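What follows is one structure encoded as structure tokens, with my remarks underneath.
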Amino acid sequence: MDKPADAEAPADATVVASDQLNDVDRALQATLPEDSATQTVAMASTKPASEASDQAVSNESSTLDKTSLIGKIFIAFGALLTVASAARMFMA
């Protein structure tokens, strides 16, 4: 019977110290382009805080306003079951 624990490790799997590079790291560095002009840097633009606060004030709809009637019924039923379960736990 072959067990996974009995499997031999590959012959090329060598362990190196954490501050040293292994073969995979060296191969990755060898394939990286040396020219810094080919590297791409992505930058995200940020809005001033005043614009973000203006949008938050103008958007007064809550999650409850967007929830359908059946969703509200399920939420209420779940809350009722939770409270009943907690009450039963405290009585026992």
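Heavy atoms only: backbone and side chains are in, while hydrogens, waters and symmetry mates are out. These numbers come from a predicted model, not from an experiment.
Atom CG of Leu28 sits about 12.5 Å away from atom CG of Asp23, to the nearest 0.5 Å. Separation of atoms OG1 (Thr67) and CZ (Phe74) is listed at 13.0 Å; rounding is to 0.5 Å.
For the salt bridge (charged side-chain N to carboxylate O under 4.0 Å, His left out) test, no residue two or more places apart in sequence or in another chain qualifies with Arg88.
The hydrophobic cluster containing Leu81 also includes Phe77, under a criterion of side-chain heavy atoms closer than 4.5 Å among ILVMFWY residues, counted directly or through chains of members.
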